J.: 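Before I ask anything, here is the structure I am working with.
These figures come from a predicted structure and were not determined experimentally. Chain letters run A, B, ... following the sequence lines, proteins first and then strands; every chain starts at 1.
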Amino acid sequence: MSIQKPKGTQDLLPGEIEKWQYIESKARELCLRFNYREIRTPIFEHTELFKRGVGETTDIVEKEMYTFLDKGDRSISLRPEGTAGVVRSYVENKLYGEPDISKLYYIGPMFRYEQPQAGRYRQFHQFGIEAFGSVDPGLDAEVIALGFTFYKELGLKDVTVEINSVGNPAVREVYREHVQRFFAPVKDQLCKDCQSRYDRNPMRILDCKIDQKYCEGAPTILEHLDEECSAHFQAVQDHLQAMDIPFRINPRLVRGLDYYTHTAFEYKAAGIGAIDTIGGGGRYNGLVGQVGGSDQPGVGLGLGIERILLVLQAQGIDIPAAKPLDVYVIGLGDAAEKECVRLLQSLRLAGLAAEKDYLGRKIKAKMKSADRYHATYVAILGDDELARGEITVKTMATGEQETLPLSSFVQTLQSRIRS
RNA sequence: GCGGUCGUGGCGAAGUGGCUAACGCAUCGGAUUGUGGCUCCGACAUUCGAGGGUUCAAUUCCCUUCGAUCGCCCCA
């Protein structure tokens, strides 16, 4: 067997790639309206950045990173998510020194070493945004609104927004103890996964599908928020309501990255097998400081492109198809063939999508080829027509044919296609 | 990291321990010597993911491996 693509990666071929281009152009256009500007950071970074940024004890850093030593013995990792790199760049380029807050977006591949399944790949793609420099809860709401609007304008149906507050580190520490105390009496009866969650991340027990019966009456983090956290959370909700963004409060929502403070949110939709989260994000007020910058607050989101595609497919939503070919040029005879080469270039310079045959096929096969390309027109030039200074043009949709003067042929087609 | 299912031409798909590996789609050629979409005729897998084993004989049975797919953990 010849070499195959690495597990969990995919080739995006013509026919499929148009969907990606559409989604990406939609993202750029939306960011323009929300006043976010693109940033491109390296696909690999020093491993240390992700350890500090994403969190040493997260699954992502503990077992999912593509890490290697480069020839200078530096530990390098392929980025498993987008925020850490953007934060690093924000700090390194001193964007915090600019008069306005920084509103940035990115689109690109992320890498995690995991077992692939429906909606999960080792190389996957995210569209994400990050906004630095403000603690205004209105900015949290704007970020949530941008994601929701994106899904909506792409045509996704039944996308739900779930929000929660994960408080600040002090609140979370107190809450964590409450949860452990709550589950302590039944710890031995919890499922295997939850027994390990008990020490690592007790909040996750609340999300367990098996142990729901033990979760009844469990304390929620919302009950433990301090005054500042409560006020922030309430203000985010007020802003969302003002923007008519529907949302549901999910007090059990916990995200897998350590850096979140205050607002955490997820977008969910059915149709990707066992997975229902299609995007998520939150506020991260301590992260910039942890990465080594002046302690600027931030809030952001990341949306999975593959997951959007899967939901679109499940919901039977079509994405605008590629443009058909304008003209297919057929030359018959040596002199005509040569003239066609000139015509083809003229058509292309005139802004039309044009093609010819390169397989030396007969006219019948060339016509079939033109048909496969969904050509609007087929231009046929034989030696006799060339001698008369004419060219035959067939409109494929109707089958009608006409004879046009060769001298003005390119201009004629150009004006027809444009109108 | 763990578990289920699967792996036959470009694609979809039947099949069996032995006789030329069905069929459909697509493609190419012809009927139609300068014209597509319909119809008819013809062509198209020294080979059944890879490697090894059992056997007189393996695409079929066994082992290993790679991959796909779905699920668990976790996540986009």
J.: Quick one: list whatever passes ring-ring contact (aromatic ring centres under 6.0 Å, His included) with A:Y175, sequence neighbours left out.
T.: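 A:H224.
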J.: Check nucleotides 5-8 of chain B for protein N or O atoms closer than 3.5 Å to its own N or O atoms and list the pairs.
T.:
none

J.: Measure from the side-chain heavy atoms of A:I380 and tell me the nearest of B:G71, B:U35, B:G36.
T.: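 Nearest to the side-chain atoms of A:I380, counting from C-beta on, is B:U35.
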J.: Students often get this wrong, so: under 4.0 angstrom with heavy atoms, is A:F111 touching a base, only sugar-phosphate, or nothing?
T.: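 The residue A:F111 makes no contact with any strand.
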J.: Is there a side-chain polar atom (N or O) of A:Q4 under 4.0 Å from OP1 or OP2 of B:G67?
T.: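 For B:G67, neither OP1 nor OP2 has a side-chain N or O of A:Q4 closer than 4.0 Å.
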J.: List every contact pair, protein side and nucleotides 26-28 of chain B side both N or O, where the distance is under 3.5 Å.
T.:
{"from": "B:U27", "atom 1": "OP1", "to": "A:R372", "atom 2": "NH1", "distance (Å)": "3.1"}
{"from": "B:C28", "atom 1": "OP1", "to": "A:R361", "atom 2": "NH1", "distance (Å)": "3.1"}
{"from": "B:C28", "atom 1": "OP1", "to": "A:R372", "atom 2": "NH2", "distance (Å)": "3.2"}

J.: Measure from the side-chain heavy atoms of A:D371 and tell me the nearest of B:U35, B:G37, B:A76.
T.: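 The listed nucleotide nearest to A:D371's side chain is B:G37.
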J.: Measuring only the P atom in each nucleotide, how far is B:A50 from B:C44? A whole number of Å is fine.
T.: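 Pairwise P distance, B:A50 against B:C44, rounds to 23 Å.
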J.: Is a donor from one side chain sitting under 3.5 angstrom from an acceptor on the other, for A:Q123 and A:Y66?
T.: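 No - no donor-acceptor pair under 3.5 Å links their side chains.
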J.: Just compare B:G30, B:C74, B:A68 and give me whichever is closest to any side-chain atom of A:E64.
T.: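 Selected nucleotide (nearest to the side chain): B:C74.
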J.: Do the side-chain N or O atoms of A:K364 get closer than 4.0 angstrom to the phosphate oxygens (OP1, OP2) of B:G36?
T.: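 Affirmative; the distance criterion is met.
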J.: Sticking with atom P, work out how far B:G36 lies from B:A31, rounded to a whole angstrom.
T.: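 Approximately 12 Å lies between the P atom of B:G36 and that of B:A31.
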J.: Taking only the P atom of each, what is the distance from B:U60 to B:G9 in whole angstrom?
T.: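 Taking atom P in both B:U60 and B:G9, they lie 15 Å apart.
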J.: Report which part of the nucleic acid A:E306 touches: base, sugar-phosphate, or nothing (heavy-atom distance under 4.0 Å, all strands).
T.: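 Answer is nothing: A:E306 stays at 4.0 Å or more from every strand.
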J.: Report the residue (A:K7 or A:Q126) whose heavy-atom-nearest nucleotide on RNA chain B is the more 5′ of the two.
T.: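 First, find each residue's nearest nucleotide; the 5'-ward one identifies A:K7.
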